[in-house]
Amino acid sequence: RTTFNSIYYKNGYDCHMHCASDDAEDVIVTLPTAYRPRSAATVSGFCLNENSNGFYPCIASILADGTWAYVSALNEFGQAPPYYIYNQSQSIDRRSYFKLWLGGSWSTNTNGA
């Protein structure tokens, strides 16, 4: 397992996320105030379902309050409904079964860490 600072880092007002082979429980956390996006931010990458050993592209949304709206794995584009690894509004939490490789950047309201 890794620490928060090896997944998220700041450069002025810009926050960057880069995780590689981290447990989803280490990545999908409430962000401290200095790291929160000004408005919802989207990140993308891929995931590993540890039960099936399947790799899938995924997309996620981080809200301005620092919580994650969802992380969704995509078996195929346009699939309905999406397969949620995590969905805050639907109380879905499958983080313990996944590893994530995600990247993205967003602007924050706070300069520096």
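Everything numeric here is computed off the predicted structure, so don't read it as measured data. For the single chain, residues carry numbers from 1 onward in sequence order.
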Counting distance only, does the side-chain N/O of [X] pair as donor-acceptor with the main-chain N or O of [Y] below 3.5 Å?
{"X": "K10", "Y": "T108", "answer": "no"}
{"X": "W68", "Y": "V29", "answer": "yes"}
{"X": "D23", "Y": "E25", "answer": "no"}

Discussion item. Check for me, please, whether I7 and I85 land in the same ILVMFWY cluster - side-chain distances under 4.5 Å, paths through other members count.
Written reply: yes
Worksheet item: Roughly how far, to the nearest 0.5 Å, is the CZ atom of R94 from the CG atom of N51?
Response: 11.0 Å
Worksheet entry | Sidechain N-carboxylate O distance under 4.0 Å for D22, K99 |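 Result for this pair is no, no salt bridge flagged.
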Worksheet item: Is the closest side-chain donor-acceptor distance between S89 and N87 under 3.5 Å?
Response: yes
Practice prompt. Could you tell me whether Y84 atom OH has more than 12 heavy atoms of other residues or ligands within 6.0 Å of it?
Written response: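 Atom OH in Y84 is packed in, count exceeds 12.
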Worksheet item: Is the shortest heavy-atom distance from the side chain of L100 to the side chain of R95 under 4.5 Å?
Response: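 Result no, sub-4.5 Å side-chain heavy-atom pair not found.
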Worksheet item: Heavy atoms, side chains only, cut-off 4.5 Å: are C15 and W106 in contact?
Response: yes
Worksheet entry | Nearest heavy atoms of R36 and T30, plus distance in Å |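 Closest approach of R36 to T30, heavy atoms only: NH2-CG2, 3.9 Å.
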Worksheet item: What are the two closest non-hydrogen atoms of N111 and G12, and how far apart are they?
Response: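 Scanning both residues, the minimum pair turns out to be OD1-CA, 3.0 Å.
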Worksheet entry | Geometric class of the F98/Y83 ring pair [parallel <30°, tilted 30-60°, perpendicular >60°] |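 Tilted, since the angle between the ring planes falls between 30° and 60°.
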Fill in: Aromatic plane relationship, Y35 with Y8 - under 30° parallel, 30 to 60° tilted, over 60° perpendicular
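Y8 vs Y35 ring planes: perpendicular.
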